[in-house]
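So you know, we letter chains A, B, ... as the sequences are listed, proteins then strands, and number each from 1. On a predicted model such as this, the values are computed, not experimentally measured, just so you know.
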Number of protein chains: 2
Amino acid sequence: MTSIKDVARDIEMSTATVSRALRGLRGVSDETRERVMESALRLGYVPSPSAAGLASGQTRTVAVIVPMVTRWFFAAVVQGAEEVLRERGYDLLLYNLAGDATARHRVFATSLLTKRVDAVLVLSLKPTAEELDRLGRLGRPVTIVGADMPGWATVRIDDRDAAATATAHLVSLGHRRVGYIGGATEGVLDFTAPTARLDGFRCTLEAAGIAPAPELEQDGEFTIAGGDRATRTLLALPDPPTAIFAASDEMAMGVLRAARELGVRVPQDLSVIGLDDHELADYFELTTVAQPVQEQGRVAAMQVLAALSDGDWQPTQVILPTHLVVRRTTAAPARQPSSRRRT
Amino acid sequence: MTSIKDVARDIEMSTATVSRALRGLRGVSDETRERVMESALRLGYVPSPSAAGLASGQTRTVAVIVPMVTRWFFAAVVQGAEEVLRERGYDLLLYNLAGDATARHRVFATSLLTKRVDAVLVLSLKPTAEELDRLGRLGRPVTIVGADMPGWATVRIDDRDAAATATAHLVSLGHRRVGYIGGATEGVLDFTAPTARLDGFRCTLEAAGIAPAPELEQDGEFTIAGGDRATRTLLALPDPPTAIFAASDEMAMGVLRAARELGVRVPQDLSVIGLDDHELADYFELTTVAQPVQEQGRVAAMQVLAALSDGDWQPTQVILPTHLVVRRTTAAPARQPSSRRRT
DNA sequence: GTGAAAGCGCTAACAA
DNA sequence: TTGTTAGCGCTTTCAC
């Protein structure tokens, strides 16, 4: 395995100079730099990250902690982050918790990461107070994606606002009886999103002078199956909603499926709006509130990289914009409640 | 930052002993081991991977090269791999090529990985001859998932057989005019799968005494949109197929969408079968040939770990089983060609 | 069962 | 602009 010494010997210079040339530091003559490059190439020299890390204290590696890579949303954020990290010469260490408490504990509680990475990206996980404490002690830049954590660097959308946009769209179409499908406000994934979205929903209805109706708020667990189940509950109500806002597109897909099976026509009998602009939303012609996904990963990565290169960098809270995407699952309610068939 | 020296000093032992105790090597008295553990915990000692890597030549890190994390299939394989790697104390370095030729070049061509990881997992990418050469030179275990590369360790399904199963299912239902939607046999992702699947399709028809019909074989690019387009082409044929085998579930979703928009009923007018058992296949009630996905990642990870711990390990070719999952998109063809409406 | 000592391959401070 | 000199924190002989 050829090392920096071999290159140094080859061109009869010190390893220090070779190291400087290789890293593009200034203070190396053009000629020397060229000779170093040529020699390194010819000798097939590849630097050792372990050695560089040990000597410099920097690993040029960023940890990304994700609840579940198989969820499209998280995969897309990871893709965004990977892209900018790679461009800047950083590697991405993936920690996929996948609902495994042991894994979560291992990643957060033991400070495994301390000497392993230069920075950490946490996706849509609301760390506990203890975990936050640990993250803080890392002494490394940390950015949290998708959660609102005052005092920490975060990248997210305005969940409350996004939910308000969705709800307002339904209200503006004339719906007065609007169902909401969300998720547990405290769950495995612990995002802050569920709470904020529910809040946006409620406030918008209230502002429109529509009385609260607890029976219209259901838990869809942020899954297709959950959305399906919640929809069946809603449509079985004595006075069912004419529109449903699902707080995620996957739940909205569940709504569409349930509606189809119950013989409820969308949007004639039931309007449906989601939130995400999932890659399949177009396929379902789902009206939704779009959030930038890869972009959140990209911005988060840029944020930690900025922190890494700028000594007195302060945690920033970035809020990315969302926008309504009207497709074909929303429409004005039928004048008459249509006769619906239920299972 | 507390180091192994601090622990050694704390219990008045040498760093060598502490190192041995920490790594669970034999030749350390139980009492010493306990004292080391206690001290390490108390002092909040965390080992430095860089130092360990430099000294031992092992990074306890595995690179996973994936064409595109946002594709559910790849994310699931990554999840499977991550799970077993983490269990065994290995970290996962993710390289997402995302159709970026530069990225691909950087990962493969420059031997960046040499000193960075102990092993490499390559997902559904058919490396070029040159890339294979580089991978070989790494001198590290490499496992290729989803491609058939004689001489290399691989984990995959029998694509030909899976396609044959799907086709045979349609034939056994009585279909004689069967469409095929596949992908370019040479593409960005370069899998070997497309070729093998097409082959399985053709042979099965031939074995059933059905004459080849080139116009019934279309390219769906392995995407939903591609499946949609290919379906429109197929159904616009003078003598359209009564059944379609899409070589991936996502393309099959495209088929379903096109059929719906064209007013073609599934399965009455058109039977549809996919291949994958995508997480949404159930949602679409799609009949398909299921392949284990996370399992492929798991097995691949186990394979490189085995290679790492066993000196004279030989590359193994693992073929995981597939099975037919009959849902509701396939049925016997209508006696009479039904009258179809086309756009 | 334990310790001393010699690196692993780099970087960084200080000199020159 | 370049070189010298110490390490960085661990593992690994080889002794004892």
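With DNA chain C read from its 5' end, the first of the two nearest nucleotides for B/Leu54 and B/Glu12 is the one closest to B/Glu12. Mapping B/Met13 and B/Ser56 onto DNA chain C via the closest heavy atom, the residue that lands nearer the 5' end is B/Met13.
At a threshold of 4.0 angstrom between heavy atoms, the contacts of A/Thr32 are confined to the sugar-phosphate backbone, with no base atom among them. Base engagement by B/Ala16 is indicated by at least one non-hydrogen atom pair under 4.0 Å involving a base atom.
Computed from coordinates, the A/Lys115 NZ to D/dG9 C1' distance equals 8 Å when rounded to whole Å. Whole-Å rounding puts the B/Leu25 CG to D/dT12 P distance at 8 Å. Taking atom CZ of B/Arg116 as the reference point, atom P of C/dC10 lies 14 Å away to the nearest angstrom. One interatomic measurement links the two molecules: CD1 of A/Ile11 to C1' of D/dT2, which rounds to 11 Å at whole-angstrom precision. Remark: P of D/dC8 and CD1 of B/Ile4 are 14 Å apart, rounded to the nearest angstrom. Between the P atom of C/dC10 and the NZ atom of A/Lys5 lies a distance of 10 Å, rounded to the nearest Å. Regarding A/Asp6, its CG atom lies at a distance of 11 Å from the C1' atom of C/dG9, rounded to whole Å. To the nearest angstrom, C1' of C/dT11 lies 12 Å from CG of A/Leu22.
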Please evaluate residues A/Arg33 and A/Glu38 with respect to the criterion salt bridge (charged side-chain N to carboxylate O under 4.0 Å, His left out), reporting the C-alpha separation (whole Å), side-chain torsions for both, the decisive distance (0.1 Å), and the verdict. CA-CA 9 Å; A/Arg33 189 182 304 280; A/Glu38 184 278 325; over 6 Å; no
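A/Met13 places none of its side-chain heavy atoms less than 4.5 Å from the side chain of A/Val36. Taking the side chain as every heavy atom from C-beta outward, A/Ile144 and A/Leu132 approach each other to under 4.5 Å.
Residue B/Thr15 places no side-chain N or O under 4.0 Å from the OP1 or OP2 atom of D/dT11. OP1 or OP2 of C/dG3 lies within a sub-4.0 Å distance of a side-chain N or O belonging to B/Thr17. For D/dT12, one of the phosphate oxygens OP1 or OP2 lies less than 4.0 angstrom from a side-chain nitrogen or oxygen of B/Arg23. For the pair B/Ser14 and C/dG3, the criterion of a side-chain N or O lying under 4.0 Å from OP1 or OP2 is met.
Picking from D/dT1, C/dT2, C/dC10 the nucleotide with the shortest atom distance to the side chain of A/Ser29 gives D/dT1. When distances run from any side-chain atom of B/Ser48 to the nucleotides C/dT11, D/dG9, C/dA4, the shortest one goes to D/dG9. When distances run from any side-chain atom of B/Ala55 to the nucleotides D/dT11, C/dC10, D/dT2, the shortest one goes to D/dT11.
When the options A/Glu83, A/Glu87, A/Glu82 are evaluated for a salt bridge (Lys or Arg N to Asp or Glu O under 4.0 Å) with A/Arg298, the one that passes is A/Glu83.
Within 3.5 Å, a donor on the side chain of B/Arg20 pairs with an acceptor on the base of C/dG3, or the reverse. In terms of polar N and O atoms assigned as donor or acceptor, the side chain of B/Arg26 never comes within less than 3.5 Å of the base of C/dG1 in a complementary pairing.
In this structure, A/Arg134 fails the cation-pi test against A/Phe108, since its NZ or CZ atom is not both closer than 6.0 Å to the six-membered ring centre and inside 45 degrees of the ring normal.
In this structure, a donor-acceptor pair under 3.5 Å is present between the side chains of A/Ser19 and A/Arg23.
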